[in-house]
Every structure is written in C-alpha cells, then in structure tokens.
**Student:** 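Here's a structure for you.
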Amino acid sequence: MTLSDFIGPETAAGALDALSLWVGLLVLWLVVLSWGVVGQRRRLKVAFGDGGHVSLTAAGRAFGNATEYVPAGLIALLLLALTGATPLLIHILGATLLVGRVIHAAGLLFQKGPSLGRILGMALTYAVLLFAAGLLIGQAVG
C-alpha cells in the first residue's frame, strides 16, 4: 500500500462522511474536558485562575492543550478530505488524533509531572499533524 492508495478525486464524499464522525467525537471530547474544568471550579469554589489547586491546573491544561491542537488537526483533515483523501485515511488520522488527545489528557489528569501518557499523546498528535502537513504540502506543490 502506498500514499497514492489514500488519495484520489473519487473519494471526497465518503471522506467528508468519515470526517464528520471525527469532528463530532473530537468536539465531544472538548466538551468533556471543559466540563472537567467547570466541575473542578465549582467543587473548589474558584471563579478565576486555579486558586493554587493542582487538580484545577491540570484540568485547565488538559482542556487548553486540546484546544491548541485539535483545531489544527481538524482543519488538516478537512483539507485532506476536500482534496481527495480516502475515508480510510481520514478514519486512521481522526482516530489517532482522538486517541492521542485522550491519552495526553489522562497523563495530565492522573499522573504527576512528566508522564508516559503526555509523551505518547503528544507523539500521536504530532504524527497526525506532521503526516497531514506532508500530504497537504505534497498536494499543493505537485
């Protein structure tokens, strides 16, 4: 299997359907992470900032990190879908991005300091972003 097996003009409609699944799931993940911040704020009675609570800092960073990386990943997936990526490629990249973001958040929320979850989550996220960037640049230049 080569990269040309994942790109072709006849696949756009199916790729957009696949993309819709991953956009929906990643948006839900952002909502779940946001609820975590809101829940911590209510429980700890902190209206702004982290109030010196490590758990609120971690919840805020889990949400913040997701909001920093998920949009770029979704834009890349959208452009890939519109330029002919196969549904399979969109599913692979979407699933990898979601898994990476979940693992990263777990590493922040349930482990102190540097953690395997944070490292693995970022590695998966970077893999999606870099692979998608390479495909998009390749599409653009030829």
Side-chain angles (χ1 to χ4, degrees), residues 1 3 5-142:
M1 194 174 287
L3 286 180
D5 294 324
F6 292 108
I7 303 288
E10 69 285 345
T11 60
L16 287 174
D17 289 340
L19 176 63
S20 295
L21 171 67
W22 298 108
V23 169
L25 290 173
L26 282 155
V27 167
L28 285 175
W29 181 240
L30 290 174
V31 171
V32 166
L33 291 172
S34 176
W35 284 342
V37 175
V38 171
Q40 288 280 339
R41 287 190 182 288
R42 292 181 77 171
R43 184 176 67 78
L44 298 169
K45 296 180 178 29
V46 175
F48 186 77
D50 62 17
H53 299 280
V54 174
S55 63
L56 183 51
T57 301
R61 286 315 311 144
F63 175 69
N65 275 276
T67 63
E68 292 165 1
Y69 288 99
V70 168
L74 292 179
I75 290 167
L77 291 180
L78 172 62
L79 290 172
L80 285 171
L82 291 174
T83 57
T86 64
L88 177 61
L89 179 61
I90 299 300
H91 282 304
I92 291 168
L93 295 176
T96 303
L97 182 60
L98 178 60
V99 168
R101 294 291 78 211
V102 170
I103 291 171
H104 184 268
L108 273 170
L109 294 170
F110 303 117
Q111 299 171 333
K112 294 187 190 302
S115 67
L116 181 59
R118 290 174 65 191
I119 293 166
L120 182 57
M122 282 311 305
L124 291 171
T125 300
Y126 284 151
V128 170
L129 294 176
L130 292 170
F131 187 78
L135 288 176
L136 290 168
I137 292 166
Q139 291 271 30
V141 297

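Owing to the predicted nature of the structure, the values given are computational and were not obtained by experimental measurement. FYI, the numbering just counts along the sequence from 1.
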**Student:** Working note: Leu56 + Arg43, criterion side-chain contact (heavy atoms from CB on, under 4.5 Å); need CA distance, chi angles, decisive distance, verdict.
**Tutor:** CA-CA 10 Å; Leu56 183 51; Arg43 184 176 67 78; over 6 Å; no
**Student:** Go through it in stages, so that I can follow the logic: the residues are Ile92 and Val128, the test is side-chain contact (heavy atoms from CB on, under 4.5 Å), and I'd like the CA-CA distance, side-chain angles, deciding distance and then a yes or no.
**Tutor:** CA-CA 9 Å; Ile92 291 168; Val128 170; over 6 Å; no
**Student:** Looking only at atom types and distance, does a side-chain atom of Arg61 sit under 3.5 Å from a main-chain N or O of Leu109, one as donor and one as acceptor?
**Tutor:** no
**Student:** Show the nearest heavy-atom pair for residues Ala81 and Ile90, with the distance to one decimal.
**Tutor:** N-CD1, 3.9 Å
**Student:** Donor-acceptor pair, Gln40 side chain versus Ala59 backbone, under 3.5 Å?
**Tutor:** no
**Student:** Looking at CG of Leu130 and OH of Tyr126, how far apart are the two atoms once the value is rounded to the nearest 0.5 Å?
**Tutor:** 9.0 Å
**Student:** Within this structure, what is the CG-CG distance for the pair Leu25 and Leu98, rounded to the nearest 0.5 Å?
**Tutor:** 6.0 Å
**Student:** Can you name the closest pair of heavy atoms from Ser115 and Gln111 and give their distance?
**Tutor:** CB-OE1, 2.6 Å
**Student:** For residues Leu97 and Gly73, report the shortest heavy-atom separation together with the two atoms involved.
**Tutor:** CD2-CA, 3.9 Å
**Student:** Any non-hydrogen side-chain atom of Leu21 less than 4.5 Å from a side-chain atom of His91?
**Tutor:** yes
**Student:** His104 and Thr125: side-chain contact (heavy atoms from CB on, under 4.5 Å), yes or no, with the steps?
**Tutor:** CA-CA 9 Å; His104 184 268; Thr125 300; 5.7 Å; no
**Student:** Using 0.5 Å steps for rounding, measure from the CG atom of Leu93 to the CG atom of Leu88.
**Tutor:** 9.5 Å
**Student:** Can you give me the closest heavy-atom contact between Ala58 and Leu108, atom names plus distance?
**Tutor:** CB-O, 3.6 Å
**Student:** Working to the nearest 0.5 Å, report the span between CG of Leu129 and CG of Leu77.
**Tutor:** 9.0 Å
**Student:** Measure across Val46 and Gly51 and return the closest heavy-atom pair with its distance rounded to 0.1 Å.
**Tutor:** CG1-N, 3.8 Å
**Student:** Less than 4.5 Å apart, side chain to side chain, heavy atoms only: is that true for Val38 and Phe63?
**Tutor:** no
**Student:** First locate atom OH of Tyr69, then atom CG of Leu74, and finally report the distance between them rounded to the nearest 0.5 Å.
**Tutor:** 15.0 Å
**Student:** I need the minimum non-hydrogen distance between Ala85 and Ala15, along with the two atoms involved.
**Tutor:** O-CB, 3.1 Å
**Student:** About how many Å separate CG of Leu19 and CG of Leu26, when rounded to the nearest 0.5 Å?
**Tutor:** 9.5 Å
**Student:** Please determine if Glu68 and Arg101 form a salt bridge, counting it only when a charged side-chain N lies under 4.0 Å from a carboxylate O.
**Tutor:** no
